[in-house]
Amino acid sequence: MKLLFSSGAVVMMSSMVLQLFGLAFVASVLHAKHEFSTHLVTSPHVPVVEIGTNFTATCVIVNTVEVTADSLYWNLSESSVVPEKNYIKINESALAVTILISGEESEWLFCSCKKNSPYVSLNKSKFIHGIYLKKAYPPRRVENLSCVAEQDGKLVSGFLNCKWDAVGGQTEDVKTQYTVMVQHESGTYRSTPTLLNKTMVDLGFFPHFMHFDVWVVADNLLGTVESEHLKQDANEFVKTDPPSKVTAFPEELFPNCLLIKWEHPIEDVRIKLTYQIRYCQSGSHTWSYIPLGDTDKVITSFRLQNLQPNSAYVIQMRCRNREGNSGPWSNWSANETKTTPEDRPRSKPDLWQLSGGDHGEEVQIICKDPKHANGRITSFGLILYNKNGPLEQEIIPADQNQNSSESRVTVLKKISLADKQFVRVCVNANNSKGTSPEACLILVRSSEKTTVEKLKVWTQEGQMFVEWKRPNNTAVSEYVVEWARHGKTDWQRENKTTTRTAIKGSLEKFVRYNVSVYVIQSGRVWKLVHKEAYLEQGAPEQGPTINKSYPAYDNAHLVWDEIPLDKRRGFITNYNISYRKENEAPKSIRVAANNTSYTLTELLGNTKYEVWISASTVAGSKNSNPHSFTTLRYAPGTIEGIVVGVSLGFLFFVLMALLLCFLKKDVLKENFWPQIPNPGESTIGNWSPDYPPKEETPKENCVSGVSVLDVGVCEVKLGFEEDKTSLSLKKGKYLSEEHSSGIGGSSCMSSPRQSVSDSDEGPDLADSTASTVQYSSVVASSGYKGQTPSSHSQHSIFSRSESTQPLLDSEEHPDVSLQEGCRQVQPPPRPSLFTGAENQNSMESDDFRLLGVEQHDFCPLREDTELTTGPDSLSADTESGAVSSYMPQLGGYRPQ
Amino acid sequence: MNGHVKNMHFQQLVERGATLLCFLLLVVVDSTKTVAAARNQECSNDLHRTMKLTRLVHKDTGDLIKQYKTSQGEMPELLCKASVSGIPDPNISGLEPSEKIASMYAQLQAFSPHLTRVYEQQTDLQPPKSPLLNLLNMVINQTGMLTRRINNFYHKVFPNLPLPEPAGGSTTLPPPQNVFQQKVYGCVVLTTYKKLLTNMSKNMRTLRSKVCRKAPASEFNLF
């Protein structure tokens, strides 16, 4: 304890002594120039301070008693005052401070006075003094020093290039510089100091076989430090050029070998080299390296072995100092590519079959070149066997347009199994050097299928994997995994223990493959399961095509085509039908992927819709082109309903009208066909102006109750029948002439000439009074019995028709018309024609009304001769009529 | 305790001490062997590198002679075999390895001024960037390295034997010569120097089994 105490006291005392000595030194130095100096003096003024260390400075008051140490303070760069806890008051005129050097930028440490006396204020510049703190990191030894002397022509360059990793920081004001030192028996060489982490040392001539000692000196204002020394033979720093003239030579006798020859890049006397050889098959980037032990001799040739015949190999070499197997490797030499000689095929061709036909009876034999074809396969030998022995043998030339390779598929033959139970197919491959072993396959026409269950296909990291379950109770020789796309089939074989594999062929993205697994049992191919799969799915390349739309009133049926298989780029998961009216947001409907039609419902009639369908896969979707349709104006059946309704309504109306007519026929009859008094019942019927009542013989043939007028009626009737015919002939004339019949002479006693005076035929007709038409109804108010106006004119009252109906032709030409009419028309026998009003024909009444002729007017008179010369057909009636009811007005009618 | 027991204890103590002493002796012997092996390995490596350097200088001297002959124009081959006074003897003297190594060192030292003189003469005769000058410079540089390496090797192998100074004192250089004499002189110096290097190589091969014992055979499988 005593010893420790004493040592601590010694340290404290020594530090105090040093401080006092420093102060005394500063004071003495500054005292000499106090006239020009300030009243504050700081110390020490070191060139650099180390970052991360404590720095102690002292401020001394000189040549003034104005201020004391209590009035002093320290600040850094005039901005931050150093806390007083860092101050150490040495005495009344000296104040020390200790600060931690931090930050990389250099700065000032000022000692100032905080007293505000007039003197201090006036001499402010004398009460401030500072120390410039130039900061630096201490140099640290560099790491990972490496030096290389590169080959220059036939010699090694005398410049040794070195590089290293700098350690530690540097500040802007104080940089660390590096110098590479090289020492060997002939002397020491040094590089030009550099601030970088690489440089070169000029050695003059490269000192082969000398022992080098290389290190790096890092130095700055804070000191110097050396790196670890590299102590190696000079040749271990040499990086030569790669071996020159590297050449490979194929040797016909050794199809598995290539002989490589090269030259030393530098004379062996300067540096002995070891070589490294690497090679790979052309196109592959997986290098195989020859063990270094095989090439560490003084050799300039090497034979690569165990190569594939007829394969191109790329060879590279490099070298380095052989002594100690250390030193930098040269760069790799340029590629030397050579192909090994051909050899006979060493493995079987990969034989396979493609089934075709409805029941698999058509089989196509295909095969790939042997895995170890060892040359260009020129042909395949095919032999077919059945149970009786060889069927046929055939040499099939290989497709020379394709390069011979393991992936080349050659179609050998198509076999029909329709008439064969089984066929055994054996194939060998030939190249220029020989024949391969034979591969056989047994093709069975039909058999029970062994099923590989639960086939699972998935993709992972750009590869397609297949997993299946081993079939039960089946001795499997091997499996064949087949994958097929449109027009292209490939396969690979897996051993019997495999139940999961990756497809090794090159699969394309967005292409649908049909992956199948077959079982091979003792050469026989058994069926399988298959599954469709994509290596990678993408959005469809094109959308579905809307084929047709069938719009109705409130729905529309859409039919679209599936996307072509090569455009689908994935499994369609669903369709999405979007439709919209004009200027409205679209609506969407999701439809399952197995549909190719859909009926949109709840549409508005007579509305134009735009519709499009997007097909989706797991990777995206693609829209079809928009399709437009317009819904119908009417719903189906609307028009039919209207037509049926209207028809039914009309029918109902008609029926109702008929019913009404039927029920109200009396009213209708009364209104439309009013009851006309029967002239027969008229008292006028008893009027007979010329004939006495004794001539009542015809009365028997008339209806009872009709006396004299019966004759007239009968005559009228007959005349009417005749007039009808003549009326039809002259009707138009009468209608056009619109002659009033006049009343003059219309009476049987009046002259008819006056009523038809404007007729063209008047004069002719006027000659005969017999043909004068009796057009007026003459109603005698008192028993008219004859036309004897001479005797009874003053007693008779004539009631005349006021009809303006023109005269009928028959009436105008009674002589002609009556004759013709009586000849041509045979009125049907109507024995009771005038027996009652109900027997009157309505049509006849209409015609009469149309003619303005009273039905019961007078008939034209007929001569007896005329009546007798009438048509035979009429003779019966007319004779009977003439006999019974017709009474010629021989005596009763006279011209007036 | 009686004296018999005391004697037994003493006897056991002696036996243990003897065993310990034997063990220590074995350790010392083994370490000595290890040190010797390490020293021999280092010797072999040094000698190996020296031999390689000698061979390199020999090769470069041969190239130099070819270049020299090419550079001097038409010069009969016999002139290079002429006897020129003052040129060091290319033979290695001495019987012991140390003497042989010392002789090699002395001869190399003796040739160095002559080579420098030839360089000076050819500097006047050849263009500045003549490959001959470059080769000469390189051989002179390599000769200096070889000389220092042999010196170091000698002191490593024979640390207690001082390296004798050349018997004839400092090397005597020829007086000023005409161009022809310079050509002949240079060729003779280079040819003789090559002979020296040949002799050195031969002698070094004999030294390997004498100076560096138990050196790995592979290390000397150089020629």
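In what follows, chains carry the letters A, B, and so on, assigned in the order in which the sequence lines appear, proteins first and then strands, with residues in each chain numbered from 1.
The two residues Lys52(B) and Phe209(A) make their nearest non-hydrogen contact at CD-CE2, 3.2 Å. Looking at every heavy atom in both residues, His208(A) comes nearest to Leu53(B) through O-CD1, 3.6 Å.
Remark: Glu267(A) CD to Asp60(B) CG distance equals 7.0 Å, nearest 0.5 Å. Rounding to the nearest 0.5 Å places CG of Leu56(B) at 9.0 Å from CG of Asn235(A). Note that CG of Leu203(A) and CG of Asn141(B) are 10.0 Å apart. Values are rounded to the nearest 0.5 Å.
Between the side chain of Arg49(B) and the main chain of Asp233(A), no donor-acceptor pair closer than 3.5 Å is present.
The neighbour count for Asn306(A) CG, taken as heavy atoms of other residues, nucleotides or ligands under 6.0 Å away, does not exceed 12. For Phe249(A), the CZ atom is densely surrounded, since the number of other residues' heavy atoms within 6.0 Å is greater than 12. Around NZ of Lys261(A), the count of heavy atoms belonging to other residues, nucleotides or ligands within 6.0 Å does not exceed 12. Within a 6.0 Å sphere centred on CZ of Arg278(A), other residues, nucleotides and ligands contribute more than 12 heavy atoms. Annotation: Lys175(A), atom NZ; neighbour count of heavy atoms from other residues, nucleotides and ligands within 6.0 Å is above 12. A 6.0 Å sphere centred on NZ of Lys297(A) holds more than 12 heavy atoms belonging to other residues, nucleotides or ligands. Heavy-atom contacts from other residues, nucleotides or ligands closer than 6.0 Å to CG of Leu95(B) number 12 or fewer. Around atom CD of Glu120(B), more than 12 heavy atoms belonging to other residues, nucleotides or ligands sit under 6.0 Å away.
Residues Leu155(A) and Met138(B) form a side-chain contact, since some pair of their non-hydrogen atoms from C-beta on lies under 4.5 Å apart.
Heavy atoms closer than 4.5 Å to chain A are found nowhere in Asp46(B), neither backbone nor side chain. Contact annotation for Asn151(B): neither backbone nor side-chain heavy atoms come within less than 4.5 Å of a heavy atom of chain A.
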Can you check side-chain contact (heavy atoms from CB on, under 4.5 Å) on Phe205(A) and Asn134(B), steps first, answer last?
CA-CA 10 Å; Phe205(A) 293 97; Asn134(B) 190 41; 3.5 Å; yes

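With salt bridges taken as basic N to acidic carboxylate O contacts below 4.0 Å, none links Arg148(B) and Glu185(A).
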